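Comments concern the structure below.
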Amino acid sequence: LEDFTNRIMVSLTAQLVLAALFTSTTQSSVKTPYLKLIDVWYAAVITFCFVIVITQTLVNVVFNSTKLPKVVVRAVGFKMSDMEFGKPVHSITIQRGGEKTTPPGSTHTNRLRGRRPAQEVARRYNSVARIVILAVVATFVIFYGMMAMGVI
């Protein structure tokens, strides 16, 4: 998630290459008044790339935000109480020679392991987006294969 620039550049480059291939294929294929399977393929793949670019951008916005609306936090299954700083979770105690001491600054004030709450929400959004996009692409490939074989 920290490397947004490279991720978005690769996605945009892939989308531009797909658009160029689609244009080349369309110009060199036989002109028909109906939609061909190759047209459906390219349209779907370009749409998937576009959705990935939009998703990456939204995750980056959430990742770098300082304050999140409640709706954004609740959409991924977090509670606002999980997102608050300043709640002590536990203290680290060190036992030296029979006495227990708590080092200064050892009280963990964030349930999220030192990360900002927005980063955890962005990680959850990223995980959900990966699963959803993979499921949609796999479903499309299955139906496309069935159409190509004449089953559907």
Side-chain angles (χ1 to χ4, degrees), residues 1-92 105-152:
L1 291 179
E2 291 85 9
D3 196 15
F4 171 73
T5 305
N6 288 335
R7 289 174 61 182
I8 201 73
M9 292 308 289
V10 168
S11 298
L12 288 173
T13 303
Q15 190 169 7
L16 287 171
V17 168
L18 285 169
L21 286 172
F22 177 62
T23 304
S24 171
T25 304
T26 310
Q27 289 175 351
S28 64
S29 66
V30 178
K31 306 291 185 244
T32 58
Y34 52 87
L35 208 55
K36 297 181 286 285
L37 278 178
I38 193 71
D39 297 333
V40 173
W41 177 261
Y42 275 120
V45 172
I46 290 171
T47 303
F48 294 145
C49 280
F50 178 74
V51 168
I52 289 169
V53 167
I54 296 300
T55 304
Q56 288 176 344
T57 305
L58 292 175
V59 167
N60 189 52
V61 167
V62 171
F63 186 78
N64 291 315
S65 62
T66 55
K67 186 176 180 183
L68 296 173
K70 290 181 182 181
V71 174
V72 171
V73 174
R74 288 184 186 152
V76 289
F78 283 129
K79 297 177 185 161
M80 286 305 288
S81 61
D82 293 338
M83 296 288 109
E84 294 175 5
F85 285 101
K87 289 190 172 185
V89 178
H90 66 281
S91 296
I92 298 173
S106 67
T107 302
H108 295 282
T109 58
N110 186 359
R111 295 176 185 225
L112 303 172
R113 298 178 301 283
R115 290 185 229 157
R116 290 191 335 239
Q119 291 176 346
E120 287 301 315
V121 173
R123 289 181 199 291
R124 180 78 58 97
Y125 270 111
N126 192 41
S127 298
V128 169
R130 285 179 177 180
I131 294 168
V132 169
I133 290 173
L134 179 64
V136 170
V137 169
T139 304
F140 168 75
V141 169
I142 290 169
F143 280 114
Y144 182 83
M146 291 170 54
M147 284 188 326
M149 289 186 283
V151 176
I152 295 180

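If you're wondering where the values come from, they're calculated on a predicted model, not measured in any experiment.
With respect to Val128, the side-chain contact (heavy atoms from CB on, under 4.5 Å) criterion is satisfied by exactly one of Ile131, Val132, Asn126: Val132.
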Without placing hydrogens or testing angles, list every side-chain donor-acceptor pair under 3.5 Å for residues 8-22, not counting sequence neighbours.
residue: Ser11; atom: OG; partner: Arg7; partner atom: O; Å: 3.0
residue: Ser11; atom: OG; partner: Gln56; partner atom: OE1; Å: 3.2
residue: Ser11; atom: OG; partner: Gln56; partner atom: NE2; Å: 3.4
residue: Thr13; atom: OG1; partner: Met9; partner atom: O; Å: 2.7

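Between Arg124 atom CZ and Gln119 atom CD the span is 14.5 Å, to the nearest 0.5 Å. Annotation: the span from Ile133 atom CD1 to Thr55 atom OG1 amounts to 4.0 Å, rounded to 0.5 Å. A distance of 3.5 Å separates CE in Met146 from CD1 in Ile152, rounded to the nearest 0.5 Å. Separation of atoms OG1 (Thr32) and CG (Asp39) is listed at 7.0 Å; rounding is to 0.5 Å.
Scanning for side chain to side chain contact (heavy atoms under 4.5 Å, CB included) contacts around Ile38 gives Thr25, Lys36, Tyr42, with sequence neighbours left out. Legend: residues meeting ring-ring contact (aromatic ring centres under 6.0 Å, His included) with Tyr144, ordered by chain and number and at least two apart, are Trp41, Phe140.
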Query raised in the report: Given Phe4 and Val59, is the side-chain contact (heavy atoms from CB on, under 4.5 Å) satisfied, shown in steps?
Result: CA-CA 9 Å; Phe4 171 73; Val59 167; over 6 Å; no
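By the 4.5 Å heavy-atom criterion applied to side chains, Val136 and Phe48 are counted as neighbours.
Taking every heavy atom of both residues into account, Ala118 and Ser65 meet most closely at CB-O, 3.3 Å.
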